[in-house]
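Encoded as structure tokens, the structure appears first; notes follow it.
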Protein chains: 2
Amino acid sequence: MEDFLLEHIRRHITLTEEEGKTVLAAMRRRKLKKKHFLLQEGEVNQSSFFVVSGILRLYSVDANGFEHIIQFAAEGWWISDMQSLLTQTAGNLYIDAIEDSEIWQVSKPDIDLLYQKIPALERYFRLLAENAVAAYQQRFVSSLSQNAKDRYASFCRLYPGLILQLPQKHIAAYIGVTPEFLSKMLNQLNNPS
Amino acid sequence: MEDFLLEHIRRHITLTEEEGKTVLAAMRRRKLKKKHFLLQEGEVNQSSFFVVSGILRLYSVDANGFEHIIQFAAEGWWISDMQSLLTQTAGNLYIDAIEDSEIWQVSKPDIDLLYQKIPALERYFRLLAENAVAAYQQRFVSSLSQNAKDRYASFCRLYPGLILQLPQKHIAAYIGVTPEFLSKMLNQLNNPS
DNA sequence: CGCCTGTCTTAACCTGGATTAAGTTTTCCG
DNA sequence: CGGAAAACTTAATCCAGGTTAAGACAGGCG
């Protein structure tokens, strides 16, 4: 599994043996226990994070202490608070591990060096960012035009794997309802009496 | 104003005189009257659109015929149904002009040629896509964790120019309330009696 | 093994925002 | 300029989903 990241990159662009080594050399590896943070509100997001195993969440905490999940990141996903990463200013988001995870990260200065050494990486990250834009646009369709039941259905269709893996309260925090209401909703779906 | 696009690109990357001409040669120019479409549901989004003047909207229409606005695009913004553009399959979104507008567009094949001729454009569009991701992430914070009044306030803070320029019903369709409710809300803000 | 914290459920009550239906004002364009 | 359509307002009623509170059921950790 040492080559998981390179395989992922090579699905989008070609890299020489040498370039692959350069990329790997820039990555810092770390394990992250469940509930431990990669990023907290008020911090500057210094790195991009690639999930090798496990699962993370990117979320905000509102004035009343409720969490709202912007994105999950399972194996093979990149995640960051893009606003904070780009502007290098304090952000308003949290990233933590939902399960014990293994993360590879590149700092912003190191990514910028990689872009100089391996211009093809511009393309790789362009494609990733464009796919993310597509996903966010579609999620706004769901979020603006569907009620809670349909948003749940959309989530199931889009991420069937995550439904099995995630505790219900996190799905609630993603589709934008309270855990109580999601529970009620699921019961109605199973007992349509 | 013939150089509006090149100025925009040169804010992010450097282009030679020659490369600038290549870019301009790939662009198709067109005027678009208010309420006319660049894209409708069921079509494949063939091009990326750059707004030279005027203002466009990207939106979906739900089962009951209500419109939900995913994004506005004022002068100097790119806009497209990213999902449809990337996969070249039929999309579910509409793009039309809110005011008479001037649009420059590049087809997907032509963009791909431009990437070959001018690799620096990969960087330009990577930066744009990353900024879009940052904006969408922040909009989800607003959309998931704020009530209608606060979402309106956030919109005012973020796009003060648009508030003046847009009819109220479009702002309602963006922040996710009915025009009736936005009207009531604004009255309460002005008459806090 | 047992306890303790976190997760899920159930149910009564509440409310932000939707719906419906008029009416009023503005804008557009012929 | 005039008339029709579009945009905005007001108000009564309604409902999806929130809030609060309590109990049931894990399941991880000491």
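So you know, we letter chains A, B, ... as the sequences are listed, proteins then strands, and number each from 1.
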Row check, A:Y174 ring normal vs A:R139 NZ/CZ: under 6.0 Å, within 45° | yes
Centroid separation under 6.0 Å, is that true for the rings of [Y] and [X]?
{"X": "A:Y59", "Y": "A:H68", "result": "no"}
{"X": "A:F140", "Y": "A:Y136", "result": "no"}
{"X": "A:F50", "Y": "A:H8", "result": "yes"}

Distance, rounded to the nearest Å, where [X] contributes [atom1] and [N] contributes [atom2]:
{"X": "B:Q188", "N": "D:dT9", "atom1": "CD", "atom2": "P", "result": "13 Å"}
{"X": "A:L144", "N": "C:dA18", "atom1": "CG", "atom2": "C1'", "result": "15 Å"}
{"X": "A:E99", "N": "D:dG27", "atom1": "CD", "atom2": "C1'", "result": "15 Å"}
{"X": "B:Y152", "N": "C:dG16", "atom1": "OH", "atom2": "C1'", "result": "18 Å"}
{"X": "A:K34", "N": "D:dC29", "atom1": "NZ", "atom2": "C1'", "result": "12 Å"}

Is it true that atom CZ of B:F37 has more than 12 heavy atoms of other residues, nucleotides or ligands lying nearer than 6.0 Å?
->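 Yes.
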First encountered from the 5' end of DNA chain C, between A:K35 and A:Q168 = A:K35
Using the 3.5 Å cut-off, write out each protein N or O paired with an N or O of nucleotides 15-19 of chain D and the distance between them.
residue, atom, partner, partner atom, Å
D:dG17, OP1, A:A148, N, 3.0
D:dG18, OP2, A:T178, N, 3.2
D:dG18, OP2, A:T178, OG1, 3.4

Exercise: identify the closest heavy-atom pair between A:S80 and B:Q137 =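 Distance-wise, the nearest heavy atoms are O-NE2, 3.2 Å.
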Between C:dT7, D:dT9, D:dA6, which nucleotide gets closest to the side-chain atoms of A:K169?
->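 Closest nucleotide among those given: C:dT7.
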